[in-house]
Colleague: 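Can you keep this structure in mind? I'll have questions shortly.
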Amino acid sequence: MLHQMEEMARRSGVAPIFDTVVAKVSKAEMGRRSVLQGLGGFVMAATLMPRGASAFTSYPTQGLNMPNGVVNDPHIFVSIAADGQVTIIAHRSEMGTGSRTTLPMIVADELEADWDRVTVVQALGDEPRYGNQDTDGSRSLRHFIQPMREVGASMRHMLRMVAAARWDTDISNTTAVGHEVIHNTLGVRFGYGDLAEDAMALDTPAREDVTFKTDDEFRYIGKGSTPIVDLHDITTGSATYGADVTLEGMKYAVIERSPAVGATVVSVDASAALAMPGVEQIVQIPVTGLGSKFKPKGGVAVIATSTWAAIQGRDALVIEWDRGEHGSFNTPEYEAELRASANAAGSPVRQQGDTEGALEGAARVMSYEYYQPHMAHSPMEPPVATAQIVDGKLEIWAPVQSPYVARVDAAEYVGMDPEDVTMNVTLLGGAFGRKSKADFASEAAFLAKETGEPIRVQWTREDDIRHSYYHTSSVEKIDVGLDDDNNVVAWRHRSAAPSFLSTFVPDEGVEHEIEVGMGLENLPYDLPNISAEQCKAYAHTRVGWYRSVSNIPRAFAVQSATAELAAELGKDQKDFLLEMIGQPRIMDATKSGMTAGKFWNQYEPYDEFPFDTGKLINVINMAADGAGWGQELGEGEAFGIAAHRSFVTYVATVVKVKMVDGVPTVPEVHVAVDAGFIANPERVRSQMQGAAVFAMTAAMHSGITFTDGEVDQNNFYDYEMVRADNFPMEVHSHIVDHPFSVHATGIGEPGVPPFIPALTNAIFNATGKRIRNLPIGDQLA
Amino acid sequence: MKFTVNGEEREFAGAEDTPILWVLRDELNLTGSKYGCGVGLCGACTVHVDGVAVRGCQTPVSTLEGKSVTSIEGLSEDGNHPVQVAWRDLNVPQCGFCQSGQIMQAASLLANNPNPTDEEILAEMSGNICRCGCYQRITEAVRRASTGA
């Protein structure tokens with residue numbers, strides 16, 4: 001998400017937020033970049049077929065236009081020791097989706113390395129070296145599957161070149177397989193270790209000379225048989241997360257932050273805190289308001305000799321705050337403002353046909369209004385970071401999704417050159433978007449600088465819930481016009497939601513194209529008149545992105561409204577959903593009345609990743625068939641269905657709900673996924689299982705509310721999570737099988753949006769009660 | 001206070017109300033037990049005291065005189081406790097942060113109830129939150145470790 005903010009700022013003439021170092025670096029040519037990188041538009045790869053070798057044809061993705069693009073230089077990502085041990089760099093952050101395993105696995109497969117002889121090393125935050133590292137938007141695989149294949153295949157070619165030279169034969173007379181290069185006719189062989197030094201000294205070969213595997217030659221790719229790299233360490237407690245890095249002489253910091261964003265300190269009485277054993281000093285951190293990007297919120301830090309002492313000390317601080325500009329932010333009034341905004345005309349993002357006219361002339365208009373409050377990510381690992389400054393060099397260890405941005409931001413925050421800053425990336429104990437915003441890393445850097453000591457900043461769970469960058473809050477208003485024969489003739493969708501733009505620039509109350517593109521502008525229904533408008537909404541807290549972002553309220557609204565219409569018209573929910581989608585077609589922006597003239601499409605090139613409603617239809621049918629849609633169910637049981645395309649991936653979800661004493665339980669879920677080529681099906685299944693749990697929590701429990709600018713919730717007793725005593729018990733993943741030629745899309749987020757309306761639709765079918773306001777809470781009691 | 005940690009005698013001279021979680025992490029550099037909430041609601045800090053699972057964040061050292069504490073690091077010599085083996089066989093973890101606590105809770109459950117019913121498993125594991133949502137595999141791993149099936 002980050003880089004789009006800078007782009008937006010540049011386009012609108014506002015000074016770029018980012019340090020100019022980033023801008024300079026993104027224009028430099030560092031190492032070998034994919035032949036496809038261009039400035040602005042997409043440059044098609046030369047489709048030269050290599051001499052007698054099989055190759056996959058490169059295709060463009062948005063990866064090329066991310067800051068620092070993609071890097072496919074084998075020298076950067078692979079090194080081989082004399083004993084044959086292969087080290088592969090993982091440059092994308094690991095927060096549970098498996099990219100630290102899957103991307104190196106792809107390298108190893110093309111390299112024909114034995115996975116048991118591979119060591120994976122996490123990269124530092126260094127995009128000029130590794131290419132883009134913003135691990136968000138479900139795109140690590142989508143953007144890097146090709147470069148990682150190129151890395152592996154190039155290195156394999158280099159090894160063959162060395163062997164061929166030693167044998168004085170043509171490279172075509174060699175085969176690289178199973179960690180060795182073999183002479184085809186003589187049968188003699190070299191292990192990779194024997195060839196390594198000479199191979200790595202070679203220049204990277206031209207892409208057209210390199211051989212790539214055909215799909216049937218994959219050993220690891222597509223098999224789902226490669227366990228995650230850290231599996232053993234995780235089961236023995238030896239994996240390193242953010243709080244597990246200990247430095248000599250390290251002190252511990254716990255911070256009391258502004259209760260409302262921008263609230264300033266009037267007075268601090270630290271006497272009780274300072275009297276406590278282990279508490280050493282108090283340091284104030286400057287307060288920032290909205291529009292400060294990822295600068296720390298500010299407040300008062302307690303520095304102590306242990307985490308426990310720091311927590312106790314922080315709790316003993318007596319601080320008087322001036323609540324400031326957002327100190328009268330109260331959720332009930334805010335909800336009313338959003339509803340009022342969404343019920344008046346907004347600015348159009350789509351105008352297909354004449355929706356206003358069609359609504360006016362309709363026999364009747366059905367109106368549906370859906371509300372969602374802010375939500376906090378609450379990953380199991382609260383934010384934490386460790387920093388020290390030694391001889392003018394700052395070094396940070398943190399669980400960050402965007403390590404290079406975090407490094408540059410921390411450097412700027414403490415007035416240092418990013419060249420003097422090192423960002424080490426630990427494992428992330430979950431993130432869901434929270435750790436893209438590394439305010440916690442900047443806090444650690446600041447306190448290390450102020451105290452002159454190594455510092456670990458530990459966020460408590462209360463800190464995590466009260467000082468997040470929340471998922472937006474929204475009202476989605478849908479008005480549907482029906483003619484005399486009950487045909488749907490018009491569909492108008494209005495959205496009022498504060499934008500994450502408010503975190504970057506002065507808030508104008510308008511949504512970013514990313515947020516508009518996530519299910520507001522691209523309704524895939526075959527209707528003559530469709531309009532979408534975004535209505536003003538201002539932010540009064542830090543708004544960020546949360547797993548699947550604005551797709552959540554949009555899919556909730558669209559799929560609920562569709563189900564409500566089906567019920568109104570006495571039609572089967574699934575049949576009606578398919579009726580709305582109509583015939584399979586590629587959605588055409590020019591025929592859809594797009595105000596921007598195109599679909600946002602996750603910034604992916606539309607020719608390569610078009611919106612194919614046929615794929616949506618297919619996953620709907622797969623999920624429905626898998627679930628046995630239409631069968632007689634037991635007492636209190638019902639199915640609900642929903643489908644949504646997000647992150648250029650198509651997902652349909654059927655939830656089977658069983659009401660038990662007024663509480664929804666979920667014995668079964670069927671998820672059908674079309675994510676193009678699947679590199680690691682095992683991680684796709686785990687992501688779908690996980691997304692179901694995550695989404696059930698959002699649907700049942702997740703709501704962050706505000707009183708006088710301050711978050712009302714604190715910990716897991718008032719911000720509840722789905723637990724083992726009631727979770728989606730059996731999630732069946734039906735994964736559409738595609739060859740590599742069907743571009744890999746993304747998997748971390750797409751499972752979330754359709755689950756929520758599938759659940760609430762099932763609840764309606766079981767109980768007759770319609771949920772229009774999230775979370776469900778005790779609405780069913 | 002004197003107590004053993006993973007079979008070794010330890011002495012802690014700090015504040016008696018210090019939860020064992022922080023003694024393990026900050027004093028003994030045993031960072032396998034995690035901080036997730038500090039109020040005993042998430043289970044990430046689960047350790048064993050005399051073979052029974054407790055929440056480390058709610059167990060002050062004042063209660064541990066003469067007792068035996070086991071953390072994830074001490075659950076087995078080589079990481080091959082049946083629960084740990086089942087965990088790896090079923091590829092349970094996603095981010096992995098909650099898993100030490102999950103494993104310790106499961107190990108205690110099975111030590112005290114070797115063949116739990118499904119209902120017992122779900123109830124016993126319900127104090128351990130997994131935000132990544134691995135419950136389906138967690139409960140399957142507990143089942144597998146219990147019956148070997």
Side-chain angles (χ1 to χ4, degrees), chain A residues 94-98 227-228 230-241 243-244 246 252 277-278 306-309 311 377-382 427-432 458 460-462 682 686-687 689-694 697 715-717 721-731, chain B residues 14-15 17-19 21-23 25-27 29-39 41-42 44 71-73 75-76 78-79 81 83-85 87-88 91-101 103-104 121-139:
Chain A
E94 178 57 70
M95 48 184 156
T97 62
I228 56 170
D230 302 290
L231 182 61
H232 198 277
D233 286 351
I234 288 169
T235 62
T236 55
S238 52
T240 303
Y241 295 88
D244 302 333
T246 306
Y252 303 78
S306 69
T307 315
W308 181 242
I311 292 173
H377 318 68
S378 63
M380 280 319 296
E381 175 197 48
L427 289 178
L428 285 67
F432 314 111
Q458 177 68 58
T460 64
R461 178 58 58 191
E462 288 83 3
E682 188 275 328
S686 67
Q687 283 299 292
Q689 290 169 4
V693 175
F694 193 87
T697 293
N715 207 313
F716 293 128
Y717 50 83
M721 298 284 121
V722 158
R723 295 166 177 272
D725 56 358
N726 184 11
F727 67 95
M729 301 291 288
E730 280 181 28
V731 177
Chain B
D17 68 348
T18 307
L21 170 67
W22 296 117
V23 174
R25 291 190 56 84
D26 290 354
E27 304 300 319
N29 207 34
L30 292 168
T31 57
S33 308
K34 306 302 184 193
Y35 167 79
C37 74
V39 295
L41 285 177
C42 78
S71 70
I72 181 72
E73 293 92 339
L75 181 64
S76 64
D78 48 8
H81 186 285
V83 170
Q84 291 169 309
V85 171
W87 236 251
R88 290 191 296 268
N91 289 305
V92 175
Q94 291 177 41
C95 87
F97 189 79
C98 75
Q99 307 279 288
S100 299
I103 288 168
M104 294 303 283
I121 293 174
L122 298 179
E124 282 285 319
M125 298 302 295
S126 66
N128 291 73
I129 298 175
C130 174
R131 188 61 164 140
C132 294
C134 302
Y135 299 123
Q136 193 170 332
R137 296 188 187 190
I138 287 170
T139 50

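A, B, ... follow the sequence lines: proteins, then strands. Residue 1 opens every chain. This is a predicted model, so every value here is computed, not measured.
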Colleague: Is A/M380 in contact with chain B via its backbone, its side chain, both, or neither, using a 4.5 Å heavy-atom distance?
Modeller: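 For A/M380, backbone and side chain are both near chain B.
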Colleague: Between A/P277 and chain B, which part of the residue has a heavy atom less than 4.5 Å away: side chain, backbone, both or neither?
Modeller: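 For A/P277, neither part sits under 4.5 Å from chain B.
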Colleague: Taking A/Q689 for its side chain and B/Q136 for its backbone only, find out whether a donor-acceptor pair lies under 3.5 Å.
Modeller: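 Not confirmed, A/Q689 side chain does not pair with B/Q136 backbone.
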Colleague: Chain B heavy atoms under 4.5 Å from A/S378: which part of the residue, side chain, backbone, both or neither?
Modeller: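 The answer is both parts of A/S378.
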Colleague: For B/C134, is it the side chain, the backbone, both, or neither that has a heavy atom closer than 4.5 Å to a heavy atom of chain A?
Modeller: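 For B/C134, neither part sits under 4.5 Å from chain A.
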Colleague: Need one label for A/F727: side chain, backbone, both or neither, based on atoms under 4.5 Å from any heavy atom in chain B.
Modeller: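 Looking at A/F727, just its side chain touches chain B.
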Colleague: Just verifying a value: how many Å separate A/D725 CG and B/Y135 OH, rounded to the nearest 0.5 Å?
Modeller: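 It comes to 8.5 Å.
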Colleague: Of all the heavy-atom pairs spanning B/G36 and A/F716, show the shortest one and how long it is.
Modeller: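 That would be O-CE1, 3.9 Å.
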Colleague: Of the backbone (N, CA, C, O) and the side chain (C-beta and beyond), which part of B/T18 lies under 4.5 Å from a heavy atom of chain A, both, or neither?
Modeller: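 Interface part for B/T18: both.
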Colleague: Could you tell me which portion of A/T246 (side chain, backbone, both or neither) has an atom closer than 4.5 angstrom to a non-hydrogen atom of chain B?
Modeller: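 The answer is the side chain of A/T246.
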Colleague: Counting distance only, does the side-chain N/O of A/R461 pair as donor-acceptor with the main-chain N or O of B/C42 below 3.5 Å?
Modeller: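 Looks like no, no N/O pair under 3.5 Å.
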Colleague: Identify which part of A/H232 has an atom lying under 4.5 Å from any heavy atom of chain B, answering side chain, backbone, both or neither.
Modeller: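 Interface part for A/H232: both.
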Colleague: State, to 0.1 Å, how close A/W308 and B/D26 come at their nearest heavy-atom pair, and which atoms those are.
Modeller: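 For A/W308 and B/D26, the tightest heavy-atom pair comes out as N-OD2, 4.4 Å.
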Colleague: Can you tell me if A/Y717 uses its side chain to pair, donor with acceptor, with the backbone of B/V39 under 3.5 Å?
Modeller: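 Answer holds: no.
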Colleague: Please look at B/N29 and chain A and tell me whether the side chain, the backbone, both or neither of the residue comes under 4.5 angstrom of a heavy atom of that chain.
Modeller: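 Just the side chain, heavy atoms under 4.5 Å.
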Colleague: Using a cut-off of under 4.5 Å on heavy-atom pairs, state which of B/G79, B/S100, B/S71, B/C37 scores highest against chain A.
Modeller: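 Option with the greatest count: B/C37.
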Colleague: If I take atom CE from residue B/M125 and atom CZ from residue A/R723, how far apart are they, to the nearest 0.5 angstrom?
Modeller: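 So the CE of B/M125 and the CZ of A/R723 are separated by 12.0 Å.
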Colleague: About how many Å separate CD of B/E27 and OG1 of A/T307, when rounded to the nearest 0.5 Å?
Modeller: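 Between A/T307 OG1 and B/E27 CD, I get 9.5 Å after rounding to 0.5 Å.
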Colleague: Can you list the steps and then say if B/N91 with A/I228 is a side-chain contact (heavy atoms from CB on, under 4.5 Å)?
Modeller: CA-CA 8 Å; B/N91 289 305; A/I228 56 170; 5.7 Å; no
Colleague: Under a 4.5 Å heavy-atom cutoff, which of B/G127, B/G14, B/P19 has the most pairs with chain A?
Modeller: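 Sorted descending by pairs with chain A, the first entry is B/P19.
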Colleague: So does A/M721 get a backbone contact from the side chain of B/R131, meaning a donor-acceptor N/O pair under 3.5 Å?
Modeller: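 No.
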Colleague: So which part of A/A243 gets closer than 4.5 Å to some heavy atom of chain B, the side chain, the backbone, both or neither?
Modeller: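 Answer is both: backbone and side chain atoms of A/A243 are under 4.5 Å from chain B.
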Colleague: Can you say whether A/E682 sits under 4.5 Å from chain B via the side chain, the backbone, both, or neither, judging by heavy atoms?
Modeller: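 Both parts, backbone and side chain.
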Colleague: Hey, does A/I234 have a side-chain heavy atom less than 4.5 Å from the side chain of B/R88?
Modeller: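 Not touching, per the 4.5 Å side-chain cut-off.
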Colleague: Using only atom types and a distance under 3.5 Å, with no angle test, would you say the side chain of A/Y241 pairs donor to acceptor with the backbone of B/C95?
Modeller: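 Judged by distance alone, yes, a pair lies under 3.5 Å.
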Colleague: Sort B/I129 into side chain, backbone, both or neither according to what part of it lies under 4.5 angstrom from a heavy atom of chain A.
Modeller: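 It is both, since atoms from each part get that close.
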Colleague: Let me know if A/D244 has heavy atoms under 4.5 Å from chain B in its side chain, its backbone, both or neither.
Modeller: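 Both backbone and side chain.
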